[in-house]
2 protein chains.
Amino acid sequence: MIRPLPNKDLKNKPIGVFDSGLGGLTVVNQLIRQLPRESIIYFGDTARVPYGSKSPDTVRKFAVQLTRFLQAQGVKFIVVACNTVSSVAMEKILEIATVPVLGVIEPGANAALSASHNRRIGIIGTTATVSAGKYQEVLTSMDADTVVFSRACPLFVPLVEEGWIDSEVTEMVARIYLEPLMKSGIDTLILGCTHYPIIKDIIRKTVDLSVTIVDSAIQTAREVRRLLSDKQLLNDSEKTPEYRYYVSDFPQKFEEVARRLLGQPLENVRRISLDDCL
Amino acid sequence: MIRPLPNKDLKNKPIGVFDSGLGGLTVVNQLIRQLPRESIIYFGDTARVPYGSKSPDTVRKFAVQLTRFLQAQGVKFIVVACNTVSSVAMEKILEIATVPVLGVIEPGANAALSASHNRRIGIIGTTATVSAGKYQEVLTSMDADTVVFSRACPLFVPLVEEGWIDSEVTEMVARIYLEPLMKSGIDTLILGCTHYPIIKDIIRKTVDLSVTIVDSAIQTAREVRRLLSDKQLLNDSEKTPEYRYYVSDFPQKFEEVARRLLGQPLENVRRISLDDCL
């Protein structure tokens, strides 16, 4: 007979977070701010990044591996800090999940609906996220009058990864991607990719001043706090929280990009072989 | 006792070609032109592309898997149609190779030395290729007086993959990458990435007219022909050659990018699971 872990033990376990690469660190950043007593285990699949240009099948397969890996580490809750995975793989993840799981779509959609007055909402994300239409599905199920305008911005991730975050090239790319979206009269824009908050200033400059920009990292961390509180899973120990980061590769610019995403150097990073997640 | 295959059978086997993704199709294109009687089996690791921003260790591991996969298909010769793999993984590949293997570095370096008058040679490639310094090593070992100037151009691959091949954004990125290189007085520039021939026109516009641009795809196909002839491995059957393409994923824009790289639609494409290559 398998005994469920007593709640007391469970609540002091870490939160698991995963992403295709490093973008999910923007969510970790918000979790640390909003839940300073929680320990976190992060997995970034830097050997196979990016997911956003790949097929839903492949993304689902990778997502299942990462979910299993985090569960094997004994996490109490899993945050899918990747819009692409949240868009195409949540059903598959929930099939195998033994702990509560939260994606980034619902929190972002909720915040957008609270912010929008005219119910015309824009979404930008990877090709896979936009093709999946999950934001559209969630937004219109919450409010049938919502009109959704979406645009894939596949070059934003490589531009961020390369550190071109205040470059005129990135500004030009942003104008090309966002100007058609502006013509649709949206009053709210969801940053539907965890990398995009890094170039929020450039996006801010490109869209009309009246447009509210929704950063799903902030909303997701808020929702994690609410869910942990509801389920009485908030960490109540006095111990200093621990942060552990796993990656499947150390890419060339790893340290630099991680520091930028997290706002501080990344400590306690371990590289693990993908074979161990299969 | 394992008998070697009789040469007669071996020469009618296909040539194996692999790349991190679709870039290697520029080499396939040249092989088909220069060796119209040869059958080809191609593997593009589209589930894990790109390799150029990843660590040498990870690239080596992937390269070994793809080499084993091609050998299991009974190829007579392997072309590593990827500069990143050719830069960091050739030793590892040769350890396990049971057929002759050719990378793209030596053919490109040879052609550059034939073209250069002032022995100042430029190389552009991915971050991994440039960091590895393999072109530099090969060029200076062939001619100690050669001075090599290199520049990583990591955004070129995503720009090509997204089809921005005549965009002013790509022109601006090319100027940022190439202008410092032009100041070094090079007379020859090696396109050290199999994606780059696709934006040769933009690169041509950005560099001085006097600079010779070396496309290693053409040179590599020429070298394959020479080696097969030397080893008496040229296909001498009258049968129509067969082309088979394997990919580890069908990315969103697969058909479009493949058609552009090959100059015609890709037929006979099969997707195979990466687990089958492990």
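Nothing here was measured: the structure is a model prediction, and the numbers come from that model. Residue numbers begin at 1 in each chain, while the letters A, B, ... track the order of the sequences.
- With A/Q73 contributing its side chain and A/I41 its backbone, the two residues share no donor-acceptor pair below 3.5 Å.
- Using a distance-only test at 3.5 Å, with no hydrogens or angles considered, no donor-acceptor pair links the side chain of B/S131 to the main chain of B/A128.
- Counting heavy atoms from C-beta on, the side chains of A/D57 and A/V88 never come closer than 4.5 Å.
- For the ring-ring contact (aromatic ring centres under 6.0 Å, His included) test with B/Y246, the passing option among B/F69, B/Y42, B/F18 is B/F69; the others fail.
- Proximity to chain A (any heavy atom under 4.5 Å) is restricted, for B/F62, to the side chain, taken from C-beta onward.
- A salt bridge links A/E137 with A/K134; the closest basic N to acidic carboxylate O contact falls under 4.0 Å.
- A/D45 does not touch chain B: none of its heavy atoms, backbone or side chain, sits under 4.5 Å away.
- For B/L159, the parts lying under 4.5 angstrom from a heavy atom of chain A are both the backbone and the side chain.
- Heavy atoms of B/T46 lying under 4.5 Å from chain A belong exclusively to its backbone.
- With a 4.5 angstrom heavy-atom cutoff, B/V49 touches chain A via backbone and side-chain atoms both.
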